[in-house]
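We count residues from 1, following the sequence as given. When a ligand or atom number is given, it counts from 1 through the structure's own listing order. Please read all numbers here as calculations on a predicted model, not as lab measurements.
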Amino acid sequence: MDISKGKIIISGGKPLVGEIPVSGMKNAAVAIVLSTILTEDKCIIENLPDISDVNLSLEILKSVGVKVTKIDKNTVEIDSTSATPGIAPYDLVSKMRASYYLIGAELGRFGRAFVGLPGGCDFGVRPIDLHIKGFEALGCEVKVDGGYIEATAKDGVLQGSSVYMDMVTVGGTINVMLAAVRAEGTTVIENAAHEPHIVDTANFLNACGADISGAGTDVIKIRGVKKLHGVTYTIIPDMIEAGTFMILAAATGGELKITNVIPKHLDSISAKLLEMGVEVEEDGDSVTVRRGKKPLTKVNVKTLPYPGFPTDMNPQICVLLALAQGMSRLTEGVWESRFRYVEELKRMGARINMNGRTAEVEGIPKLTGASVRAVDLRAGCAMVIAGLAADGITEIDEIYHIFRGYEDLIAKLQAVGADIKVVYPKSLQFNEF
Ligand code: EPU
């Protein structure tokens, strides 16, 4: 049954208790999968989340001649020996923002790329001018025309160079890194983003024989190498999925032991939860979040590039602020528009007033179940949290967004006591997931 056609139905109001595992990181996986093109060899990627954005990345690879073999649910063998700098179909790349990594990877391997402009969640204008500026600094001519982007290196060879990012961009940093890895000479990216998926992508490339230092800091140095080779590589855990479960424990007044995490990546989220009166305990590769009967305290949050509070946790933390005593302020510091979910949350009784890029949230003791939409990936997950915390029944529509980024979400939540299911319209015989 096609999950994108279903609706999530939740009967909320119960504390969730138990152990919940975290899958591999979506935003590392999509970058690493597409960057395997650079190796001209076989790679085995482990801990790959089984989500639609990753499966789309694998389809994009196949469309340019890469051989993809699923070994099991979370392991794939990717053989890019016979990749060609072909045109990935527009209907594939336009579905996902991260398809832009195909440009950097093709440039790095072939010295040229021709790729459809990317899609993804709608947070207002999502330019890729800084990616283009970076490719140009490496000696490429870049044209954007008719929904496609065409980049060609002079004489087919990219030249290492200095690239200053005018603003911190995750995708721009990774894309320039991909293009530079096999360039002639050294590239230095300044004002680079620090996100853990940048470090994971650099670690993967270094394991393949690249020479990248400084990933995770402001300055990344890439000494170009002639060739990369295949490896077996394990993707890091998804900090946003982990953070989502942390908020879920607090919002439902439950206790969740969230396993397969890197607690350091969760520092900004743990700090806000502690400030709100929620207990957070780290233990090796797990974190336990417990709220009990204590009321939540108001708090101010501003989303920022890593190590700041993640923008991809904006909708989820907003649900918690909606349940905290007093007036909290949530300011979006990365995307122009990330608050399209606010109207949905208000249908569940949340009291939120928008003031520019700040949501002023007046907490209430309980949300009430309602019919809502998943307006994008993280917003959709916030609706799941809200529904599980709320009294009564919540129905969530347009749930295909959610399955772009959360593996086995329904089963994971049912295992910790959630009353949640997916139902399908009559035309699809009301089969349940
Ligand atoms: N920006 C520019 N020009 C550019 C690139 C970015 O002005 O050339 C601006 C953007 O408009 C935005 C800011 O810079 O205001 C940051 O954008 P960034 O490039 O860092 O975002 P991204 O790489 O496209 C990734 C994640 C997003 C996450 C952001 C910020 C992937 C595939 N996506 O996007 O994840 O919100 O970084 O952390 O890695 C999600 O997983 O739900 C998601 C949307």
- request: Could you walk me through whether V115 and Y100 pass the side chain to side chain contact (heavy atoms under 4.5 Å, CB included) test, one step at a time?
  value: CA-CA 8 Å; V115 177; Y100 52 40; over 6 Å; no
For A98, the atoms of ligand 1 under 4.0 Å from one of its heavy atoms are 32 (C)
Do the side chains of E407 and K26 get close enough for a salt bridge, i.e. N-O under 4.0 angstrom? no
| task | Could you tell me if any non-hydrogen atom of Y306 lies under 4.0 Å from any atom of ligand 1? | result | no
Short version for R97: what comes under 4.0 Å of ligand 1, heavy atoms counted, is side chain
Of L388, L256, L248, T252, the one forming a side chain to side chain contact (heavy atoms under 4.5 Å, CB included) with V416 is L256
- Message: With the threshold set at under 4.0 angstrom, would you say G405 reaches ligand 1 through any of its heavy atoms?
- Response: no
Would G171 count as being in polar contact with ligand 1, using the rule that some N or O on each side must be under 3.5 angstrom apart?
yes
Note: heavy atom closest to atom 35 (O) of ligand 1, options D312, T311, T169, belongs to D312
Checking heavy-atom distances from atom 18 (P) of ligand 1 to each of V170, I240, T173, the winner is V170
Return yes if a side-chain donor-acceptor contact under 3.5 Å exists between Q316 and T244, otherwise no. yes
Under 4.0 Å from one or more heavy atoms of L130, ligand 1 contributes atoms 3 (N), 4 (C), 8 (O)
In terms of its nearest heavy atom to atom 5 (C) of ligand 1, the top option of P127, S57, G134, G172 is P127
Side chains of T75 and D72: donor-acceptor distance under 3.5 Å anywhere? yes
Near I128 (heavy-atom distance under 4.0 Å), the atoms of ligand 1 are 4 (C), 8 (O)
Q | E136 bridged to K133 by N-O distance under 4.0 Å | A | no
Taken to the nearest 0.5 Å, the spacing of I71 CD1 from I44 CD1 works out to 4.5 Å
For this session: Tell me, with the steps shown, if Y233 and D200 meet side-chain hydrogen bond (donor to acceptor under 3.5 Å, both in side chains).
Result: CA-CA 10 Å; Y233 191 80; D200 208 33; 2.6 Å; yes
Here the atoms of ligand 1 under 4.0 Å from any heavy atom belonging to N27 are 26 (C), 31 (C), 32 (C), 33 (N), 35 (O), 39 (O), 41 (O)
Taking only non-hydrogen atoms of H131 and a 4.0 Å limit, the atoms of ligand 1 in range are 8 (O)
Is a salt bridge present between D211 and R223, judged by a nitrogen-to-oxygen distance below 4.0 Å? yes
Margin query: Taking a cutoff of less than 4.0 Å between a non-hydrogen atom of the residue and any ligand atom, is R338 in contact with ligand 1?
Written below: yes
A student comparing W335, Y101, Y100 should find that the heavy atom closest to atom 10 (C) of ligand 1 comes from W335
In ligand 1, the atoms that come under 4.0 Å of a heavy atom of K26 are 40 (C), 41 (O)
Filtering N314, I132, D53, D129 for the heavy atom nearest atom 3 (N) of ligand 1 leaves D129
Carboxylate-amine/guanidinium contact E332 R338, below 4.0 Å
no
Report task. Answer yes or no: is there an ion pair linking E106 with R112, defined by an N-O contact shorter than 4.0 Å? Result -> no
So the atoms of ligand 1 within less than 4.0 Å of a heavy atom of L377 turn out to be 42 (O)
